Amino acid sequence: MAELLLEARDITVRFGGLTAVDAVNATFRAGELVGIIGPNGAGKTTFFNAISGVQMPTSGQLLVAGRNLSGQAPHHYAAAGIARTFQTPRVFADMPVAANIDFGLKFAGRHRKGAWQLRDEASILELIGLEAQADLPAGAITPSQQRALEIGMALATRPRLLLLDEVAAGLTEAEIENMALLIRRMRDELGLTVVWIEHAVTTLLRHVERVIVLHQGRVIADGTPAEVVRNAEVIEAYLGDEMVETPGVSA
Ligand SMILES: Nc1ncnc2c1ncn2[C@@H]1O[C@H](COP(=O)(O)OP(=O)(O)O)[C@@H](O)[C@H]1O
Ligand SMILES: [Mg+2]
(Lines give C-alpha, C1' and ligand atoms only; values in the text may rest on other atoms or scores of the structure.)
(Ligands and ions follow the chains in the order given, each with its own letter.)
Protein backbone atom coordinates (compact mmCIF):
# COMPACT_ATOMS: atom_id res chain seq x y z
CA MET A 1 0.00 0.00 0.00
CA ALA A 2 1.19 3.51 -0.82
CA GLU A 3 2.29 5.82 1.97
CA LEU A 4 -0.46 7.31 4.11
CA LEU A 5 -0.29 11.09 3.53
CA LEU A 6 -3.18 12.31 5.59
CA GLU A 7 -5.40 10.65 8.13
CA ALA A 8 -8.46 12.38 9.60
CA ARG A 9 -9.66 10.70 12.77
CA ASP A 10 -13.11 11.51 14.09
CA ILE A 11 -12.92 15.09 12.86
CA THR A 12 -15.83 17.15 14.16
CA VAL A 13 -16.45 20.86 13.48
CA ARG A 14 -19.29 22.60 15.28
CA PHE A 15 -20.56 26.13 14.71
CA GLY A 16 -22.66 26.85 17.77
CA GLY A 17 -25.43 24.26 17.70
CA LEU A 18 -24.69 23.16 14.13
CA THR A 19 -22.44 20.15 13.54
CA ALA A 20 -21.00 20.92 10.09
CA VAL A 21 -18.55 17.97 10.14
CA ASP A 22 -19.57 15.02 12.26
CA ALA A 23 -16.89 12.53 13.36
CA VAL A 24 -15.40 12.12 9.87
CA ASN A 25 -12.77 9.46 9.34
CA ALA A 26 -10.87 9.54 6.06
CA THR A 27 -7.44 8.56 4.77
CA PHE A 28 -5.56 9.73 1.69
CA ARG A 29 -2.60 7.78 0.32
CA ALA A 30 0.25 8.94 -1.91
CA GLY A 31 -0.83 9.19 -5.54
CA GLU A 32 -4.56 8.82 -4.97
CA LEU A 33 -7.17 10.85 -6.86
CA VAL A 34 -10.21 11.04 -4.59
CA GLY A 35 -13.49 12.89 -5.08
CA ILE A 36 -15.70 14.34 -2.37
CA ILE A 37 -19.36 14.90 -3.21
CA GLY A 38 -22.53 15.70 -1.30
CA PRO A 39 -25.40 18.19 -1.22
CA ASN A 40 -24.87 21.89 -0.52
CA GLY A 41 -24.19 22.37 3.17
CA ALA A 42 -22.98 18.76 3.60
CA GLY A 43 -19.74 19.98 5.20
CA LYS A 44 -17.35 19.47 2.27
CA THR A 45 -15.67 22.89 2.43
CA THR A 46 -15.58 22.83 6.24
CA PHE A 47 -13.83 19.45 6.07
CA PHE A 48 -11.22 20.93 3.68
CA ASN A 49 -10.80 23.90 6.03
CA ALA A 50 -10.20 21.48 8.90
CA ILE A 51 -7.60 19.39 7.06
CA SER A 52 -5.70 22.45 5.79
CA GLY A 53 -5.49 24.20 9.16
CA VAL A 54 -7.89 26.98 8.16
CA GLN A 55 -10.55 25.83 10.63
CA MET A 56 -9.65 24.36 14.01
CA PRO A 57 -11.71 21.18 14.53
CA THR A 58 -13.88 21.02 17.64
CA SER A 59 -12.49 17.53 18.19
CA GLY A 60 -10.59 14.80 16.40
CA GLN A 61 -7.05 14.30 15.17
CA LEU A 62 -5.18 15.09 11.96
CA LEU A 63 -2.09 13.10 11.11
CA VAL A 64 -0.04 14.36 8.17
CA ALA A 65 2.69 11.95 7.05
CA GLY A 66 2.51 10.47 10.53
CA ARG A 67 2.83 13.80 12.36
CA ASN A 68 0.00 15.01 14.56
CA LEU A 69 -0.93 18.47 13.27
CA SER A 70 -4.17 18.81 15.24
CA GLY A 71 -4.68 22.42 16.30
CA GLN A 72 -1.68 23.77 14.33
CA ALA A 73 -1.78 26.94 12.20
CA PRO A 74 -2.16 26.78 8.39
CA HIS A 75 1.56 27.30 7.67
CA HIS A 76 2.35 24.00 9.40
CA TYR A 77 0.01 22.28 6.95
CA ALA A 78 1.63 24.09 4.02
CA ALA A 79 5.07 23.07 5.28
CA ALA A 80 3.84 19.47 5.50
CA GLY A 81 2.94 19.64 1.80
CA ILE A 82 -0.77 20.44 1.83
CA ALA A 83 -2.08 23.05 -0.63
CA ARG A 84 -5.64 24.00 -1.40
CA THR A 85 -7.80 26.21 -3.56
CA PHE A 86 -10.82 28.14 -2.35
CA GLN A 87 -14.40 27.84 -3.60
CA THR A 88 -14.21 31.55 -4.51
CA PRO A 89 -10.92 32.02 -6.42
CA ARG A 90 -8.37 34.15 -4.63
CA VAL A 91 -5.94 35.63 -7.12
CA PHE A 92 -4.13 38.97 -7.01
CA ALA A 93 -6.21 40.70 -9.68
CA ASP A 94 -3.87 43.64 -10.28
CA MET A 95 -0.73 41.52 -10.52
CA PRO A 96 0.36 39.76 -13.74
CA VAL A 97 -0.48 36.07 -13.97
CA ALA A 98 3.22 35.14 -13.74
CA ALA A 99 3.68 37.26 -10.61
CA ASN A 100 0.80 35.41 -8.94
CA ILE A 101 2.71 32.15 -9.49
CA ASP A 102 5.94 33.76 -8.31
CA PHE A 103 4.24 34.71 -5.07
CA GLY A 104 3.66 31.04 -4.27
CA LEU A 105 7.19 30.06 -5.33
CA LYS A 106 8.89 32.77 -3.27
CA PHE A 107 6.79 32.74 -0.14
CA ALA A 108 4.80 29.59 0.49
CA GLY A 109 7.25 27.42 -1.47
CA ARG A 110 10.28 28.40 0.56
CA HIS A 111 9.24 26.06 3.36
CA ARG A 112 9.58 22.98 1.21
CA LYS A 113 12.79 21.44 0.02
CA GLY A 114 13.62 18.39 -2.03
CA ALA A 115 12.83 17.25 -5.51
CA TRP A 116 9.98 18.98 -7.23
CA GLN A 117 9.26 18.75 -10.91
CA LEU A 118 7.95 22.28 -11.45
CA ARG A 119 10.99 24.32 -10.51
CA ASP A 120 10.03 27.57 -12.10
CA GLU A 121 7.19 29.77 -13.09
CA ALA A 122 7.42 28.76 -16.78
CA SER A 123 6.86 25.06 -16.13
CA ILE A 124 3.82 25.81 -13.98
CA LEU A 125 2.39 28.22 -16.58
CA GLU A 126 2.83 25.56 -19.23
CA LEU A 127 1.07 22.88 -17.19
CA ILE A 128 -1.93 25.10 -16.43
CA GLY A 129 -2.06 26.39 -20.01
CA LEU A 130 -1.50 30.08 -19.25
CA GLU A 131 1.83 30.75 -20.99
CA ALA A 132 0.21 33.21 -23.40
CA GLN A 133 -1.45 35.07 -20.51
CA ALA A 134 1.69 35.36 -18.35
CA ASP A 135 1.92 39.15 -18.57
CA LEU A 136 -1.79 39.96 -18.29
CA PRO A 137 -3.22 41.15 -14.98
CA ALA A 138 -4.90 38.17 -13.28
CA GLY A 139 -8.13 40.18 -13.14
CA ALA A 140 -8.20 40.36 -16.96
CA ILE A 141 -8.21 36.61 -17.73
CA THR A 142 -11.38 34.51 -17.99
CA PRO A 143 -12.99 32.89 -14.92
CA SER A 144 -11.86 29.46 -16.10
CA GLN A 145 -8.30 30.76 -16.53
CA GLN A 146 -8.47 32.24 -13.02
CA ARG A 147 -9.39 28.79 -11.72
CA ALA A 148 -6.33 27.37 -13.48
CA LEU A 149 -4.20 30.16 -12.04
CA GLU A 150 -5.38 29.40 -8.54
CA ILE A 151 -4.28 25.81 -9.08
CA GLY A 152 -0.93 27.12 -10.34
CA MET A 153 -0.51 29.18 -7.18
CA ALA A 154 -1.23 26.11 -5.08
CA LEU A 155 1.29 24.09 -7.15
CA ALA A 156 3.91 26.77 -6.56
CA THR A 157 3.91 25.86 -2.86
CA ARG A 158 5.28 22.42 -3.89
CA PRO A 159 2.54 20.33 -2.36
CA ARG A 160 2.24 16.59 -2.05
CA LEU A 161 -1.48 16.80 -1.31
CA LEU A 162 -3.65 19.17 -3.33
CA LEU A 163 -7.18 20.00 -2.15
CA LEU A 164 -9.45 21.40 -4.87
CA ASP A 165 -12.75 22.99 -3.83
CA GLU A 166 -15.19 23.23 -6.76
CA VAL A 167 -12.57 24.32 -9.29
CA ALA A 168 -15.01 23.56 -12.12
CA ALA A 169 -17.89 25.64 -10.71
CA GLY A 170 -19.33 28.02 -13.29
CA LEU A 171 -17.33 26.55 -16.19
CA THR A 172 -18.74 25.33 -19.52
CA GLU A 173 -18.92 21.59 -20.26
CA ALA A 174 -15.76 21.80 -22.40
CA GLU A 175 -13.91 23.77 -19.71
CA ILE A 176 -14.99 21.25 -17.05
CA GLU A 177 -13.55 18.42 -19.13
CA ASN A 178 -10.28 20.36 -19.58
CA MET A 179 -10.14 20.92 -15.83
CA ALA A 180 -10.61 17.20 -15.24
CA LEU A 181 -7.72 16.50 -17.62
CA LEU A 182 -5.48 18.98 -15.79
CA ILE A 183 -6.37 17.28 -12.50
CA ARG A 184 -5.50 13.89 -13.99
CA ARG A 185 -2.16 15.21 -15.25
CA MET A 186 -1.22 16.59 -11.83
CA ARG A 187 -1.73 13.16 -10.37
CA ASP A 188 -0.32 11.12 -13.26
CA GLU A 189 2.66 13.32 -14.20
CA LEU A 190 3.52 15.00 -10.90
CA GLY A 191 2.51 12.12 -8.66
CA LEU A 192 0.40 14.39 -6.46
CA THR A 193 -2.34 13.15 -4.19
CA VAL A 194 -5.43 15.08 -5.25
CA VAL A 195 -8.71 15.44 -3.35
CA TRP A 196 -11.37 17.05 -5.48
CA ILE A 197 -14.70 18.45 -4.28
CA GLU A 198 -17.03 19.07 -7.20
CA HIS A 199 -20.69 19.63 -7.85
CA ALA A 200 -20.33 18.32 -11.43
CA VAL A 201 -20.79 14.78 -10.20
CA THR A 202 -20.92 12.96 -13.51
CA THR A 203 -17.57 14.38 -14.64
CA LEU A 204 -15.98 13.76 -11.26
CA LEU A 205 -17.11 10.13 -11.13
CA ARG A 206 -15.55 9.43 -14.52
CA HIS A 207 -12.12 10.62 -13.38
CA VAL A 208 -11.58 9.64 -9.74
CA GLU A 209 -10.90 6.14 -8.48
CA ARG A 210 -12.43 6.68 -5.05
CA VAL A 211 -15.20 8.92 -3.86
CA ILE A 212 -16.28 9.99 -0.39
CA VAL A 213 -19.90 11.07 0.03
CA LEU A 214 -20.76 13.54 2.78
CA HIS A 215 -24.31 14.14 3.97
CA GLN A 216 -25.17 16.36 6.94
CA GLY A 217 -21.53 16.30 8.01
CA ARG A 218 -21.25 12.51 8.00
CA VAL A 219 -19.48 10.13 5.63
CA ILE A 220 -22.26 8.01 4.16
CA ALA A 221 -20.09 6.24 1.58
CA ASP A 222 -16.40 5.82 0.71
CA GLY A 223 -15.64 3.58 -2.25
CA THR A 224 -15.18 3.30 -6.00
CA PRO A 225 -17.51 5.35 -8.22
CA ALA A 226 -19.25 2.12 -9.26
CA GLU A 227 -19.86 1.17 -5.62
CA VAL A 228 -21.05 4.62 -4.64
CA VAL A 229 -23.58 5.08 -7.47
CA ARG A 230 -25.42 1.92 -6.44
CA ASN A 231 -25.38 2.75 -2.71
CA ALA A 232 -29.01 3.18 -1.63
CA GLU A 233 -28.26 5.82 1.02
CA VAL A 234 -26.25 7.88 -1.49
CA ILE A 235 -29.00 7.72 -4.11
CA GLU A 236 -31.56 8.73 -1.49
CA ALA A 237 -29.50 11.59 -0.05
CA TYR A 238 -27.94 13.01 -3.19
CA LEU A 239 -27.46 11.22 -6.45
CA GLY A 240 -31.14 10.63 -7.13
CA ASP A 241 -31.47 14.33 -7.87
CA GLU A 242 -28.03 14.91 -9.31
CA MET A 243 -27.87 12.32 -12.02
CA VAL A 244 -30.23 10.23 -14.02
CA GLU A 245 -27.41 8.39 -15.70
CA THR A 246 -23.66 8.55 -15.49
CA PRO A 247 -21.91 7.75 -18.76
CA GLY A 248 -18.85 5.63 -18.17
CA VAL A 249 -19.75 4.57 -14.64
CA SER A 250 -21.75 1.37 -14.65
CA ALA A 251 -23.48 0.37 -11.47
N1 LIG B 1 -17.97 29.86 9.51
C2 LIG B 1 -19.18 29.29 9.65
N3 LIG B 1 -20.02 29.67 10.65
C4 LIG B 1 -21.23 29.08 10.79
N5 LIG B 1 -21.70 28.10 10.02
C6 LIG B 1 -20.92 27.70 8.99
C7 LIG B 1 -19.63 28.26 8.76
N8 LIG B 1 -19.07 27.64 7.68
C9 LIG B 1 -19.98 26.75 7.27
N10 LIG B 1 -21.09 26.77 8.04
C11 LIG B 1 -22.26 25.88 7.90
O12 LIG B 1 -21.76 24.56 7.96
C13 LIG B 1 -22.50 23.73 7.06
C14 LIG B 1 -21.53 23.10 6.08
O15 LIG B 1 -21.08 24.12 5.18
P16 LIG B 1 -19.99 23.82 4.06
O17 LIG B 1 -18.87 23.09 4.67
O18 LIG B 1 -19.71 25.10 3.38
O19 LIG B 1 -20.80 22.83 3.09
P20 LIG B 1 -20.51 22.40 1.57
O21 LIG B 1 -19.14 22.86 1.21
O22 LIG B 1 -20.67 20.91 1.56
O23 LIG B 1 -21.58 23.05 0.76
C24 LIG B 1 -23.56 24.62 6.42
O25 LIG B 1 -24.76 24.48 7.15
C26 LIG B 1 -22.98 26.01 6.58
O27 LIG B 1 -23.99 26.97 6.62
MG1 LIG C 1 -18.46 24.13 -0.29
Side-chain angles (χ1 to χ4, degrees), residues 6 8-28 33-62 69-74 77 82-91 143-144 146-151 153-154 159 161-171 175-176 179-180 183 193-205 207-208 210-223 225 228-229 231 233-243:
L6 186 138
R9 290 188 188 161
D10 277 326
I11 290 296
T12 294
V13 179
R14 287 200 191 94
F15 298 112
L18 175 83
T19 305
V21 175
D22 191 357
V24 167
N25 286 290
T27 56
F28 303 103
L33 172 49
V34 184
I36 299 183
I37 61 174
N40 273 333
K44 302 179 301 292
T45 295
T46 306
F47 179 65
F48 263 16
N49 289 344
I51 66 175
S52 57
V54 171
Q55 169 72 52
M56 175 105 63
T58 309
S59 60
Q61 283 196 322
L62 288 163
L69 290 191
S70 312
Q72 301 278 314
Y77 288 80
I82 298 179
R84 54 94 51 91
T85 65
F86 289 87
Q87 203 167 327
T88 308
R90 299 180 177 187
V91 298
S144 107
Q146 287 182 4
R147 293 276 181 194
L149 176 56
E150 226 213 344
I151 291 175
M153 292 168 73
L161 175 62
L162 184 59
L163 308 174
L164 304 174
D165 195 354
E166 299 206 20
V167 283
L171 307 192
E175 289 168 343
I176 293 172
M179 180 60 77
I183 291 169
T193 304
V194 181
V195 187
W196 179 20
I197 293 174
E198 198 56 71
H199 205 73
V201 183
T202 50
T203 305
L204 181 136
L205 290 174
H207 289 280
V208 300
R210 179 158 72 92
V211 60
I212 294 171
V213 187
L214 287 181
H215 180 53
Q216 297 177 349
R218 289 186 311 115
V219 174
I220 60 168
D222 183 347
V228 161
V229 297
N231 178 307
E233 197 179 353
V234 174
I235 293 167
E236 170 79 15
Y238 186 46
L239 290 184
D241 299 332
E242 290 301 325
M243 58 180 204

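In this text, all values refer to a predicted model and were calculated from it rather than measured experimentally. Start at 1 and go down the list; that is how both ligands and their atoms are numbered.
Taking a 4.0 Å cut-off on heavy atoms, Gly38 fails to register as neighbouring ligand 1. The closest approach between a heavy atom of Gly16 and any atom of ligand 1 is not below 4.0 Å.
Under the 3.5 Å distance criterion, the side-chain polar atoms of Ser144 are left unmatched by any main-chain donor or acceptor of Glu175. With Lys44 contributing its side chain and Gly38 its backbone, the two residues share a donor-acceptor pair below 3.5 Å. Between the Tyr77 side chain and the Val54 main chain, no donor and acceptor come within less than 3.5 Å of each other. Judged by distance alone, the side chain of Glu150 and the main-chain N or O of Phe86 form a donor-acceptor pair under 3.5 Å. The main-chain N or O of Val167 is found under 3.5 Å from a side-chain atom of Glu198 such that the two form a donor-acceptor pair.
Near Asn40, meaning under 4.0 Å from any of its heavy atoms, are these atoms of ligand 1: 23 (O). Close contacts between ligand 1 and Pro39 involve ligand atoms 22 (O) [criterion: under 4.0 Å to a heavy atom]. Each of the following atoms of ligand 1 lies closer than 4.0 Å to a heavy atom of Thr46: 9 (C), 14 (C), 15 (O), 16 (P), 17 (O). The contact set between ligand 1 and Ala42, taken as ligand atoms under 4.0 Å from a residue heavy atom, comprises 19 (O), 20 (P), 22 (O).
Note that the CG atom of Leu204 and the CD1 atom of Ile37 stand 6.5 Å from one another [nearest 0.5 Å].
Of the candidates Phe47, Phe48, Phe15, the one placing a heavy atom closest to atom 6 (C) of ligand 1 is Phe15.
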Practice problem: For Val34 and Val208, run side chain to side chain contact (heavy atoms under 4.5 Å, CB included): C-alpha distance rounded to whole Å, both residues' side-chain angles, the deciding distance at 0.1 Å, then the answer. | Solution: CA-CA 6 Å; Val34 184; Val208 300; 6.0 Å; no
Quiz item: Does the pair Asp222 and Arg210 meet the rule for a salt bridge (Lys or Arg N to Asp or Glu O under 4.0 Å), with working shown?
Solution: CA-CA 7 Å; Asp222 183 347; Arg210 179 158 72 92; 2.9 Å; yes
Exercise. For Arg84 and Ser52, run side-chain hydrogen bond (donor to acceptor under 3.5 Å, both in side chains): C-alpha distance rounded to whole Å, both residues' side-chain angles, the deciding distance at 0.1 Å, then the answer.
Key: CA-CA 7 Å; Arg84 54 94 51 91; Ser52 57; 3.0 Å; yes
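No N or O atom of Leu18 sits closer than 3.5 Å to an N or O atom of ligand 1. Between Gln87 and ligand 1, a contact under 3.5 Å exists for no N or O pair.
Residue, atom and distance of the protein heavy atom nearest to atom 19 (O) of ligand 1 are Gly43 N, 3.2 Å. Nearest non-hydrogen protein atom to atom 18 (O) of ligand 1 is Thr45 CB, 3.8 Å. Annotation: atom 23 (O) of ligand 1 to nearest protein heavy atom, Gly41 N, 2.8 Å.
There is a protein heavy atom less than 4.0 angstrom from atom 3 (N) of ligand 1.
Within the 2.8 Å limit, Thr45 places at least one N, O or S atom next to the Mg ion (ligand 2). When distances to the Mg ion (ligand 2) are checked against a cut-off of 2.8 Å, Gln87 contributes an N, O or S atom below that limit.
Two residues are said to be in side-chain contact when any heavy atoms from C-beta on lie closer than 4.5 Å; Asn25 and Arg9 meet this criterion.
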